[in-house]
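Encoded as structure tokens, the structure appears first; notes follow it.
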Amino acid sequence: MLHDTIAAIATPPGRGGVGIVRISGPAVAAIAEAVIGGLPPPRQAALRRFRDVAGAVIDHGIALYFPKPHSFTGEEVLELQGHGGVVVLDLLLQRVVACGARIAHPGEFSQRAFLNGRIDLTQAEAVADLIAAGSAAAARLAVRSLEGAFSERIHSLVETLIGLRMEVEAAIDFPEEELELLAEERLVAGLQRLLQQLAATLASARSGRLLRDGILLVIAGAPNVGKSSLLNALAGYASAIVSATPGTTRDLLRERIQIDGIPVHLVDTAGLRLSEDPIEQEGMRRARSELARADLLLWLVEDGDDAQPAWSTLPPELPATLPHIVVRNKIDLSGAPPSVEQQPGGDVVVRISAREGSGMDLLRGQIRQLAVGEGSGEGEFLARRRHLDALTRGECHLRQGLEQLQQRRAGELLAEELRLAQAALGEITGEFSADDLLGEIFAGFCIGK
């Protein structure tokens, strides 16, 4: 498969000023000879006519040649940059395929760059993340990952881990020295430092994952407390129908917004109450299902309605650890000023008027604080759920290894936990990767990238 020459249209479908056909593989020189009369000088833009099998001109434009190994894929690469018409690009791609290339699979150019050692797996994923970035902050972190910031952090952790493994396994080979080494505080201190470094990396990765994937923010509460008005206030326009009639919202309403650069998937749910209406019951079932998936919950009550408990009315099946904010709405009716309060039980209560916009900045600040933590910045690099899973498993193995050392002086068990921790971290950069994992990762890329 790596010996094939691949080709694809590397620009978005549709009409445009410029369209690019990208070719990579060993047949680049032969294709260039057939289509444009030969390879242009390396890394120099050359004006060429693109010809069909009969010699007729398909288009004319720029040809760029990148010799191996100094190309994105590490192979011979040729880019034909012509006019961005659907028909002309399709004709050019068909001509290239007829000359010996095949159509590339999604992400195959990036996959070859990874397999040929030009980039590691986190950098390959950063290519897709940069293309899909939904905010300026996400784009900045994707570039940092593409430049190797995440990879460098992981390699540093792995190098430290390898050093500890070498000490432990060397001691195991010399039993008379094993107990002496395992009793040393130096080894314990080394494991503890590594755990601290890994925890810091995990915290930054969580912030990066948040900027990449966003948070699922669900608005819930009893009917007619202003959930749809709050959705509109956060979205910045009248997305949901607002009515004084209880039960107006029966299905889930979704909006995608940004709060201080954080992508937020906002969901307005049906009011929760007892009802015999089967349509309203289905709306409430969907609301509870969405609540179970939420990263953050806004629980709305009407300010001044002290007969309605603020938090005890939540559905009992919700996870106890679900971060939440109690939002007391309609302060324009109660006369209370906008405010943020920390209740004795730990609940954060924000008073707002969704209809008038009073207190919305306070609410946005609390959403950001609960989402990324107080004082947290935007992180250092983008991360994915699989990165978090691998870091968490690595941390777990290190903690178990430290426990084996401190409680049992079990060198073999410590060495095994260190090996498993290294394997988990190696999955992030692709040093230890199953073929099915690679297929899943690159399948989500654009064709032509």
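Predicted model only: the values in this text are computed from it and were never measured.
For the atom pair CD (Q366) and NE2 (H324), the distance works out to 12.0 Å, reported to the nearest 0.5 Å. Atom CG of L234 is separated from atom CG of L363 by 6.0 Å, given to the nearest 0.5 angstrom. Atom CG of L425 is separated from atom OG1 of T201 by 9.0 Å, given to the nearest 0.5 angstrom. Between R49 atom CZ and L47 atom CG the span is 7.5 Å, to the nearest 0.5 Å. For the atom pair CG (L217) and CD1 (I325), the distance works out to 7.5 Å, reported to the nearest 0.5 Å. Separation of atoms CD1 (I23) and CG (L80) is listed at 4.5 Å; rounding is to 0.5 Å.
Of all non-hydrogen atoms in T122 and S151, the two that sit nearest each other are OG1-OG, 2.6 Å. A390 and I428 make their closest contact through CB-CG1, 3.6 Å (heavy atoms, listed as atom of the first residue, atom of the second, distance). Annotation for C99 and V35: closest pair SG-CG2, 4.1 Å, computed over non-hydrogen atoms. In plain terms, the two heavy atoms of L39 and A32 that are nearest each other are CD2-CB, 3.5 Å. Nearest heavy atoms, R351 versus P337: CB-O, 3.9 Å. Residues L382 and F150 come closest through the heavy atom pair O-CD2, 3.8 Å.
Applying the salt bridge (charged side-chain N to carboxylate O under 4.0 Å, His left out) rule to R48 yields no partners; only residues at least two apart in sequence or on another chain are considered. In this view, S71 satisfies the side chain to side chain donor-acceptor pair (under 3.5 Å) rule with no residue, not counting sequence neighbours. Not a single side chain to side chain donor-acceptor pair (under 3.5 Å) links E33 to another residue, sequence neighbours left out. Listed by chain and residue number, nothing satisfies the salt bridge (charged side-chain N to carboxylate O under 4.0 Å, His left out) test with R118 (two or more places apart in sequence, or in another chain). In terms of the salt bridge (charged side-chain N to carboxylate O under 4.0 Å, His left out) criterion, residue partners of R209 (sequence neighbours excluded) are, by chain and number, D213.
Residues I257 and I259 are in side-chain contact: their nearest non-hydrogen atoms beyond the backbone lie under 4.5 Å apart. Side-chain contact between V18 and T11: absent, with no pair of heavy atoms (C-beta onward) separated by less than 4.5 Å. At least one side-chain heavy atom of S339 sits under 4.5 Å from a side-chain heavy atom of E341. Side-chain contact between L298 and I367: present, with at least one pair of heavy atoms (C-beta onward) separated by less than 4.5 Å. Contact check for Q94 versus D90: side-chain heavy atoms found under the 4.5 Å cut-off. Using a 4.5 Å heavy-atom cutoff, the side chains of W299 and V327 are not in contact.
Annotation for R165: atom CZ counts as buried by contact number, over 12 foreign heavy atoms lying within 6.0 Å.
Checked by atom type, the side-chain pair D120/T429 shows no donor-acceptor distance below 3.5 Å. E76 and Y65 share a donor-acceptor pair across their side chains, judged by distance under 3.5 Å alone. For the 3.5 Å distance criterion, the side chains of S229 and R355 fail to qualify, holding no donor opposite an acceptor.
Between the side chain of E108 and the backbone N or O of H105, at least one donor-acceptor pair lies under 3.5 Å. Formation of a donor-acceptor pair under 3.5 Å by the H387 side chain with backbone atoms of R384 is found in this model. Judged purely by atom type and a 3.5 angstrom limit, T5 uses its side chain to pair as donor or acceptor with the backbone of A27. Using modelled atom types, one side-chain atom of T160 and one backbone atom of S156 make a donor-acceptor pair closer than 3.5 Å. A donor-acceptor contact shorter than 3.5 Å is absent between the side chain of R364 and the backbone of G359. Of the possible polar contacts, none joining the R328 side chain to the I352 backbone as a donor-acceptor pair under 3.5 Å is found. Panel note: side chain N329, backbone V301; no donor-acceptor pair is recorded below 3.5 Å. In this structure, the side chain of T73 does not engage the main chain of A113 through any donor-acceptor pair within 3.5 Å.
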Give the C-alpha distance, both sets of side-chain angles, the deciding distance and a yes or no for side-chain contact (heavy atoms from CB on, under 4.5 Å) between S24 and F66. CA-CA 9 Å; S24 178; F66 303 90; over 6 Å; no
Criterion side-chain contact (heavy atoms from CB on, under 4.5 Å) on L202 and T392, from CA distance to verdict: CA-CA 7 Å; L202 187 55; T392 301; 4.0 Å; yes
Step-by-step side-chain contact (heavy atoms from CB on, under 4.5 Å) determination, I162 to L418: CA-CA 8 Å; I162 289 173; L418 294 179; over 6 Å; no
side-chain contact (heavy atoms from CB on, under 4.5 Å) between L121 and F114, worked out: CA-CA 6 Å; L121 199 51; F114 164 69; 4.0 Å; yes
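A salt bridge between K330 and D303 is absent, with no side-chain N of the basic residue lying under 4.0 Å from a carboxylate O of the acidic one. A salt bridge is defined here as a Lys NZ or Arg NE, NH1 or NH2 lying under 4.0 Å from an Asp or Glu carboxylate O, and R112 with E75 meets this definition. Residues E416 and R419 are paired through a salt bridge, judged by an N-O separation under 4.0 Å between the basic side chain and the carboxylate. Ionic pairing of R386 and E125 is present here: one or more N-O contacts between side-chain nitrogen and carboxylate oxygen are shorter than 4.0 angstrom. Remark: R393 engages D389 in a salt bridge, criterion side-chain N to carboxylate O under 4.0 Å.
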Side-chain polar contacts of residues 51-60 - donor-acceptor pairs under 3.5 angstrom, sequence neighbours left out - could you list them?
unit_1	atom_1	unit_2	atom_2	d
R51	NH1	G55	O	2.9
D52	OD1	A54	N	2.9
D52	OD1	G55	N	3.0
D52	OD1	A56	N	2.8
D59	OD1	H83	ND1	2.8
D59	OD2	H83	N	2.9
D59	OD2	H83	ND1	3.4

